[in-house]
S.K.: 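Below: one structure in structure tokens.
So you know, we letter chains A, B, ... as the sequences are listed, proteins then strands, and number each from 1. Side-chain atoms are counted along with the backbone in the values below, which use heavy atoms only and exclude waters and symmetry mates.
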There are 2 protein chains.
Amino acid sequence: MRETSGVAETYDFEAMLREAALRVTRPRVAVLTAVHRMPHSDTESIIRAVRESLPTVSHQAVYDSLHALTAVGLLRSIQPSGFVARYESRVGDNHHHAVCRSCGRIADIDCAVGAAPCLVASGDHGFLIDEAEVVHWGRCADCSAGNTPSATP
Amino acid sequence: MRETSGVAETYDFEAMLREAALRVTRPRVAVLTAVHRMPHSDTESIIRAVRESLPTVSHQAVYDSLHALTAVGLLRSIQPSGFVARYESRVGDNHHHAVCRSCGRIADIDCAVGAAPCLVASGDHGFLIDEAEVVHWGRCADCSAGNTPSATP
DNA sequence: GGCTAGTCTTGACTCATTCAAGAAAATGCG
DNA sequence: CGCATTTTCTTGAATGAGTCAAGACTAGCC
């Protein structure tokens, strides 16, 4: 029923949950919404965002939701070394990430190499590889320009 | 002076430290030795290994050494999502890693793609990329065979 | 409307890693 | 060689993202 505001971007998060065989709960819808609105955010930011509409959600509910949504593939988690977990809603396309060493900002990278890039490594040590994760390390525009923003993705 | 045992593999860790402009201390030599002997080990294993020769080192000394050695490029740290930090001494060649999802085992992967693989992404969002890190996720031979070893890298 | 399994709340807890202050040791120099 | 300076190590406490557990709640189904 929830009337969608005038904005064009209409995701039916309830349907997405149902299709994934997950119960539709307000925390989950709110988490999905938050991550869609602000990709690459960490758990704390997501908790804050969720609490704008649901002031009483527990952090545990958000953690649970994030795990459930990640498990069914509606979200994807990113954990660059030295930073806390981040989440994004862009799933299914094998895209990669650029991470800023100094402020932690993350940008999406559509990998130039067409197919799965370095997956040509499978058999090597008896490992059964099913995913290649690529992280591009560097500095974002702001940080390489000298000004070091205070870690606001 | 320390007489090298009969074994061929003779790394002069003291010289490596001096060349890196680091003071030569017993904890640092022991950490370097341990990581060379058992690559991809986590901090706790390294602490245990170091204490075999230096029973009284503090964990903080090992943490400090690992950071110092990593900072000057004598070691490299790996932190796959969901696992604690690991260290290896193979540095300088841009090789990658296969990580077992279930036991955490890590294997080195010499990337099939000759040059820097997906570095073709530089300019994209104003990021100045200087390193591409590739993690191949999957299952090691043991884990894909059914037996799940108890996380012993 | 009532059942039941799956979720959420609450609050305690883990544990890798970091912080801080003083003691100890490494390098350089007289 | 012995001392001064500076870095590193020891000790012990603290941090904080994330997890665990027990009971209350509720979404989905009859």
Side-chain angles (χ1 to χ4, degrees), chain A residues 1-2 13-32 34 40-48 50-51 53-72 74-75 77-87 104 151 153, chain B residues 1-2 13-32 34 40-48 50-51 53-72 74-75 77-87 104 151 153:
Chain A
M1 288 304 113
R2 219 176 306 296
F13 296 121
E14 302 197 5
M16 292 165 72
L17 285 167
R18 265 185 255 275
E19 272 157 37
L22 286 181
R23 289 196 178 175
V24 178
T25 67
R26 271 173 300 176
R28 283 179 181 170
V29 174
V31 166
L32 259 185
H40 310 142
S41 11
D42 56 24
T43 311
E44 206 196 300
S45 311
I46 296 169
I47 292 176
R48 274 203 306 272
V50 167
R51 282 186 177 153
S53 51
L54 265 71
T56 63
V57 253
S58 61
H59 67 141
Q60 190 65 285
V62 175
Y63 273 103
D64 286 352
S65 300
L66 286 170
H67 288 167
L69 293 167
T70 304
V72 300
L74 285 176
L75 294 182
S77 86
I78 323 160
Q79 281 178 254
S81 309
F83 296 93
V84 298
R86 317 284 194 79
Y87 292 86
Chain B
M1 289 300 115
R2 222 175 302 295
F13 296 121
E14 302 197 6
M16 292 165 72
L17 286 169
R18 263 184 257 274
E19 272 156 36
L22 286 181
R23 289 193 178 178
V24 178
T25 66
R26 269 173 303 176
R28 285 181 178 165
V29 174
V31 166
L32 259 184
H40 309 145
S41 9
D42 57 23
T43 311
E44 206 196 300
S45 311
I46 297 170
I47 291 176
R48 274 203 304 274
V50 166
R51 283 187 175 151
S53 51
L54 264 69
T56 62
V57 254
S58 60
H59 66 142
Q60 190 63 23
V62 175
Y63 273 101
D64 286 351
S65 299
L66 287 170
H67 288 166
L69 293 166
T70 304
V72 299
L74 284 176
L75 295 182
S77 86
I78 323 160
Q79 280 179 253
S81 309
F83 296 95
V84 299
R86 317 285 194 79
Y87 293 86

S.K.: Mind calculating the distance between CG (A:Leu66) and P (D:dT19) to the nearest angstrom?
M.R.: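 Rounding to the nearest Å, CG of A:Leu66 and P of D:dT19 are 10 Å apart.
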S.K.: Can you tell me how far P of C:dC15 sits from CG of B:Asp42, to the nearest Å?
M.R.: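 Distance check: B:Asp42 CG to C:dC15 P gives 14 Å.
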S.K.: Between B:Arg23 and B:Pro27, which has a closest nucleotide on DNA chain D that is more 5'?
M.R.: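 This one resolves to B:Arg23.
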S.K.: Is it the case that the base of C:dT7 and the side chain of A:Arg28 share a donor-acceptor contact (distance under 3.5 Å, atom types as modelled)?
M.R.: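 No, the side chain and the base share no sub-3.5 Å donor-acceptor pair.
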S.K.: For a quick check of understanding: with a heavy-atom distance under 4.0 Å over all strands, which category does A:Ser58 fall into, base, sugar-phosphate or nothing?
M.R.: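 Touches a base.
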S.K.: Without decimals, in angstroms, what is the distance between B:His67 NE2 and C:dC19 C1'?
M.R.: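 Answer to the nearest Å: 13 Å.
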S.K.: Ignoring the backbone of A:Ser65, work out which of D:dG12, D:dA17, C:dC8 is nearest its side chain.
M.R.: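 Given the options D:dG12, D:dA17, C:dC8, the side chain of A:Ser65 is closest to C:dC8.
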S.K.: Between D:dG18, D:dT8, C:dT17, which nucleotide has the shortest distance from any of its atoms to the side chain of B:Leu22?
M.R.: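 Between D:dG18, D:dT8, C:dT17, the one nearest the side chain of B:Leu22 would be D:dT8.
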S.K.: Looking at the side chain of B:Val57, which of C:dT27, D:dT10, C:dC8 is the nearest nucleotide?
M.R.: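 The answer is D:dT10.
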S.K.: Report the distance from atom CD of A:Gln79 to atom C1' of C:dT17, rounded to the nearest whole Å.
M.R.: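 From A:Gln79 CD to C:dT17 C1': 15 Å.
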S.K.: B:Tyr63 side chain: which of D:dG18, C:dT18, D:dC9 is closest?
M.R.: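 In terms of side-chain proximity for B:Tyr63, the closest of D:dG18, C:dT18, D:dC9 is C:dT18.
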S.K.: Rounding to an integer number of Å, can you tell me how far B:His59 NE2 sits from C:dA16 C1'?
M.R.: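 It is 10 Å, rounded to the nearest whole Å.
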S.K.: Which whole-number value in Å describes the distance from B:Leu54 CG to D:dC9 P?
M.R.: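 Rounding to the nearest Å, CG of B:Leu54 and P of D:dC9 are 10 Å apart.
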S.K.: Atom CZ of A:Arg26 and atom C1' of C:dG6: how far apart are they, to the nearest Å?
M.R.: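 A:Arg26 atom CZ is separated from C:dG6 atom C1' by 16 Å.
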